[in-house]
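What follows is a single structure, written as structure tokens, with notes after it.
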2 protein chains.
Amino acid sequence: MQSQAKPTDPQAETAAHDFVYRKLRSRIIWGEIAPGESLTLRGIGKEYSVSMTPAREAVRRLAAEGALSISASGRVSTPVLSNERIEELAALRALIEVELASRALPRAHMALIDRLQAINHNMTEIVQNRDAVGYIRANLEFHRALYLRAQAPAMLALIETVWLQMGPTMRALYTRLQRSEAPHYHRLIIAALKAGDEPGLRLAVRSDVTQGLKMLAG
Amino acid sequence: MQSQAKPTDPQAETAAHDFVYRKLRSRIIWGEIAPGESLTLRGIGKEYSVSMTPAREAVRRLAAEGALSISASGRVSTPVLSNERIEELAALRALIEVELASRALPRAHMALIDRLQAINHNMTEIVQNRDAVGYIRANLEFHRALYLRAQAPAMLALIETVWLQMGPTMRALYTRLQRSEAPHYHRLIIAALKAGDEPGLRLAVRSDVTQGLKMLAG
DNA sequence: CGTTGCTTTTTGTGATCACAAGCGTGCTAT
DNA sequence: ATAGCACGCTTGTGATCACAAAAAGCAACG
């Protein structure tokens, strides 16, 4: 029995390809998939109970965002980043995130600062549990919460594609590193926000973003 | 008679979906399609003699890059940008292109400067012919030639997606504007390159990129 | 004359299939 | 024992179809 097309909704709940896209995207951006790990369309389809068609569309979309790489023969895998590429992506993060933070600063209310502090507090616990995925997840949540205040959707979308590209590599980096404490630059960010200190905020964000890179080079 | 699959090559020449993607991408980035213009999968397929499948994949890829927007019901059209979004995209151009130019500077040979001058010279002719598409095309060629020297593929890829998003709107802007001369900031860029003047180069690029925006606001 | 209702057409979505290339495995020959 | 080759399985690609929803065209009514 082939029930053809979507049995119930068109894309009211969310289309199948979009559902698969979101699921995969989360796994990638949170570093749940190792760099260079390969995926198959049929495998993805089976995992989410859809046919190859929506799986293919989700994969194409992610590939367009740099979250997946497709070989010449069409094989799908998470990208393995060279050191040069990591440096570039970190530079992009520094460039764009500093701008976002700067734009968010005048709009930062107390509620935002409270939320950032709460997230940051959670991170100290996560770190003690040696939970790399949880760490990345909370870290992104921290940055996203801040940048949302910038009211700059295009910039936010762009920086998220950069995060996406770094996802698998970040996980490899963090598990190798085993941090012992929450990022202390986050506290500098919060302090600068409280003080309304723009230069300090820019520096703190830039430092936080490029800090991981130094460990890689060292 | 259904000849199923690709009759000759797998993706040796380039897969059908990739072919369609490239064609559409060119048309969009050069401003050959007006903002808000709508496309259909069957129409695209017919235009390039392929079925809906590769057309759909090309469209998804372009949508992921922001070159096309897809309505809640799945309808495909070129995006209509709000003024706020244009300002954001221009800010992103300024941010990233200044960085790219800066990285290209130490690598800029005489051959590059000659090429930039040649492109710029062509633009004066194109302007007199009132050829908006040709203008955008040459302008992008100018910038791309410069940024290629930066040896920063991730940054270049990112900025190209920004250009893509602005494509249709740029055309609307330039036809409305009817420039009378080639962009004079290009000459400042070339001069700064020759002199090895980094601050001057950064300022010239930033001015060139944000100049179009001012006309919009005025 | 405009508006509301229904019917027809258009359009995107997802499943399925045939096909070809990739890739690995195991066998054979030297 | 190792190198080369052939076979089979895996995997991506593209065409086609059935379906549902949205859009457009059309008619009848206020």
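Lettering of chains follows the sequences in order, A, B, ..., and the numbering in each one begins at 1.
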Checking contacts here: which listed nucleotide (dG12(C), dG14(D), dT16(C)) is nearest the side-chain heavy atoms of H17(B)? dG14(D)
Which residue pairs satisfy the salt bridge (Lys or Arg N to Asp or Glu O under 4.0 Å) criterion with at least one member in residues 67-85 of chain B, sequence neighbours excluded? none
Mind checking what makes salt bridge (Lys or Arg N to Asp or Glu O under 4.0 Å) contact with R107(B), not counting sequence neighbours?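 Result, salt bridge (Lys or Arg N to Asp or Glu O under 4.0 Å) vs R107(B): none returned.
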Please list residues of residues 55-64 of chain B whose heavy atoms come under 4.0 Å from any atom in DNA chain D, ordered by number; otherwise none. none
Nearest whole Å is fine: how far is dT16(D) P from M52(B) CE? 12 Å
Return the value, rounded to whole Å, for the distance between atom OH of Y21(A) and atom C1' of dT13(C).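 From Y21(A) OH to dT13(C) C1': 19 Å.
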side-chain contact (heavy atoms from CB on, under 4.5 Å) filter on Q117(B), not counting sequence neighbours, yields I113(B), D114(B), I190(B), K194(B)
So, using ring pair (Phe, Tyr, Trp, His ring centres under 6.0 Å) as the criterion, who are the partners of F142(B) when residues are at least two apart?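 By the ring pair (Phe, Tyr, Trp, His ring centres under 6.0 Å) rule, F142(B) matches H186(B).
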Looking at T53(A), does any N or O in its side chain come under 4.0 Å of the phosphate oxygens OP1/OP2 on dG14(C)?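 Answer is no, no contact under 4.0 Å.
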For residues 29-41 of chain A, the side chain to side chain donor-acceptor pair (under 3.5 Å) pairs (sequence neighbours left out) are none
Pairs involving residues 54-68 of chain A, ordered by first then second residue, that meet side chain to side chain donor-acceptor pair (under 3.5 Å) (sequence neighbours left out):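 Found D18(A)-R61(A), Y21(A)-E65(A), R56(A)-E57(B), E57(A)-R56(B), E57(A)-R60(B), R60(A)-H17(B), R60(A)-E57(B).
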For a quick test of your reading: what N or O donor-acceptor pairs under 3.5 Å do the side chains of residues 143-164 of chain B make, sequence neighbours left out?
{"from": "H143(B)", "atom 1": "ND1", "to": "E97(B)", "atom 2": "OE1", "distance (Å)": "3.1"}
{"from": "H143(B)", "atom 1": "ND1", "to": "Y147(B)", "atom 2": "OH", "distance (Å)": "2.9"}
{"from": "H143(B)", "atom 1": "NE2", "to": "D208(B)", "atom 2": "OD2", "distance (Å)": "2.8"}
{"from": "R144(B)", "atom 1": "NH1", "to": "E160(B)", "atom 2": "OE1", "distance (Å)": "3.0"}
{"from": "R144(B)", "atom 1": "NH1", "to": "E160(B)", "atom 2": "OE2", "distance (Å)": "2.6"}
{"from": "Y147(B)", "atom 1": "OH", "to": "E97(B)", "atom 2": "OE1", "distance (Å)": "2.4"}
{"from": "E160(B)", "atom 1": "OE1", "to": "R25(B)", "atom 2": "NH2", "distance (Å)": "2.5"}
{"from": "T161(B)", "atom 1": "OG1", "to": "L158(B)", "atom 2": "O", "distance (Å)": "2.7"}
{"from": "W163(B)", "atom 1": "NE1", "to": "E97(B)", "atom 2": "OE2", "distance (Å)": "2.9"}

Can you list, in residue-number order, the parts of residues 36-49 of chain A that come under 4.0 Å of DNA chain C, counting heavy atoms only? none
